[in-house]
There are 2 protein chains.
Amino acid sequence: MARPREHSAEELRELALSAAGRLLDEQGIEALSARRIAAAIGYSAATLYSVFRNLDDLCWHLNAQTLGQLHAALGAVGGSEPRAQLHAYAAAYVAFARAQPQRWSLLFEHRTSPGVDIPDWLGASIERLFERVEAPLRALAPAASEADIRLQARTLWGSVHGLAVLQQRGKLFLSGDQASLRMLPTLVDQYLDGWLSARGELR
Amino acid sequence: MARPREHSAEELRELALSAAGRLLDEQGIEALSARRIAAAIGYSAATLYSVFRNLDDLCWHLNAQTLGQLHAALGAVGGSEPRAQLHAYAAAYVAFARAQPQRWSLLFEHRTSPGVDIPDWLGASIERLFERVEAPLRALAPAASEADIRLQARTLWGSVHGLAVLQQRGKLFLSGDQASLRMLPTLVDQYLDGWLSARGELR
DNA sequence: AAAATTACTAAACAGTGTTTACAAAGTAAA
DNA sequence: TTTACTTTGTAAACACTGTTTAGTAATTTT
């Protein structure tokens, strides 16, 4: 009963997100402004506010996309043996951070206004990252309690994450360039060895 | 031979930094604007640019202060046995991140303009963090090569850093509140066990 | 044809970092 | 003492930012 939309709300969201993703990849976080995103899809900045609550909201949706890509990347690693699977996960995780530096840093450095919490669906998606790691851990130590598996998964993955963070901060922290490549298997192997030997399941 | 300064350049830097630190602690990163910092010390924003290259530069100096505090906190941990010392370092590191959330996140999340690298003196101060960890590691495995010690120190510290990062991102990543408290000794112990048992030096 | 409804935007507001032209204040020379 | 010089510090401008609002233009319904 009134002027029809140029694009549906869904389409608009999609357009804005893909334009924002392109801007992010090509020009970095600084380029993510309402006016620039809008201009890239031929709309005015104000229109974005009809499909996103604010720019933070748009960033969360961008982060959801990124998490999807990360899940896809992790899903693609072929795993025969559990330990090899964990190595592959860790390598894929760090490789993703290296290949998508802008998206990855938006994912973990995007500061929301104080008091505003991360949306639930995003937290749940992050939780799934940890769960991925739990399966191989269970296979490695079938007798371990679920609580221990959860703890081990989060500890191991958190520490892998730490290496990814330091890798991104790059030259400042690690002297050599391939340093993080050597660090990663060292971390995973030694951590698992320590865990399994304590459990008497090392072989 | 001209109008004397109200405060010397050194004093001004000092004043601005302490005002900025106060703003940061009390109102968060968002409050770190040139006009607000300047107003807090009774100057205009433009005056800040006579003692700092830009606001990024001011932030780096703030980060240098923070690193100083962090070094002090780590220096205060009494260490008898090497393994206990490493535990104490890790606990102090994570405790610092928890006690000074704003300063800590400015330290690691402060995005500099692309192409602008972190100043050398700041990188050197970060390097000293790693070196702190090397000493106990050397004591644990006197026969280990220097290269291995360096690798182990950076891997272990990087992973501790990862847990600190996830702790700060808080509720989203870890369900329980004291989860990171249990994760930390688990990580350190298992990592060391894995390393030492591979070297045949575990006892 | 008139009325109603919706899509979209221009413009405003309050803020940001940073630069620049300038006034004010003091010292040094005359 | 007056003039010249030098330096400090700032107001104001510029080009941005996120966000809101008032209003126009386009379309459908009556």
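Chain naming here is simple, since letters A, B, ... match the order of the sequence lines and numbering starts at 1 in each.
Leu55(A) has its CG atom 18 Å from the P atom of dT16(C), to the nearest Å. Rounded to whole Å, the distance from CD on Glu30(B) to C1' on dA14(C) is 15 Å. Atom OH in Tyr49(B) sits roughly 24 Å away from atom P in dT7(D) (whole-Å rounding). One can place CD1 of Ile29(B) at 20 Å from P of dG15(C), the figure rounded to the nearest angstrom. If you take CD1 of Ile41(B) and P of dG9(D), they are 10 Å apart, rounded to a whole angstrom. Rounded to a whole Å, the CG atom of Asp56(A) is 13 Å from the C1' atom of dT17(D). Here dT19(D) presents its P atom at 13 Å from CZ of Phe52(A), a figure rounded to the nearest Å. Rounded to whole Å, the distance from CG on Leu12(B) to C1' on dT10(D) is 13 Å.
Formation of a donor-acceptor pair under 3.5 Å by the Glu11(B) side chain with backbone atoms of Ser8(B) is found in this model. With hydrogens and angles disregarded, a donor-acceptor distance shorter than 3.5 Å links the side chain of Thr66(A) to the backbone of Leu62(A). Arg199(A) places no side-chain N or O within 3.5 Å of a backbone atom of Trp195(A) that could act as its donor or acceptor partner.
Aromatic ring orientation, Trp104(B) versus His161(B): tilted (interplanar angle from 30° to 60°).
Side-chain atoms of Arg35(B) and base atoms of dT18(C) include a donor and an acceptor less than 3.5 Å apart.
Comparing Asn54(A) and Ser50(B), the nucleotide of DNA chain D nearest to each residue sits closer to the 5' end for Ser50(B).
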Item to complete: Carefully, step by step, assess Glu134(B) and Gln152(B) under the rule side-chain hydrogen bond (donor to acceptor under 3.5 Å, both in side chains).
Response: CA-CA 8 Å; Glu134(B) 293 179 6; Gln152(B) 301 298 334; over 6 Å; no

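At the phosphate of dT17(D), OP1 or OP2 sits under 4.0 Å from a side-chain N or O atom of Ser33(A).
Comparing dT10(D), dT9(C), dT19(C) by their closest approach to the side chain of Ser44(B) singles out dT10(D). Proximity note for Tyr43(A) (side chain, C-beta onward) versus dC8(C), dA10(C), dG9(D): the nearest is dC8(C). Set against dT18(C), dT20(C), dC8(C), the side chain of Ala46(B) has dT20(C) as its closest nucleotide. With dT18(C), dA11(D), dT17(D) as the candidates, the nucleotide lying closest to the side chain of Ala34(B) is dT18(C). The nucleotide whose nearest atom lies closest to any side-chain atom of Thr47(A) is, among dT17(D), dC8(C), dG17(C), dC8(C). The side chain of Arg36(B) lies closest to dT16(C) when the candidates are dG9(D), dT19(D), dT16(C).
Nucleic acid contact class of Leu32(B) (heavy atoms, under 4.0 Å, all strands): sugar-phosphate only.
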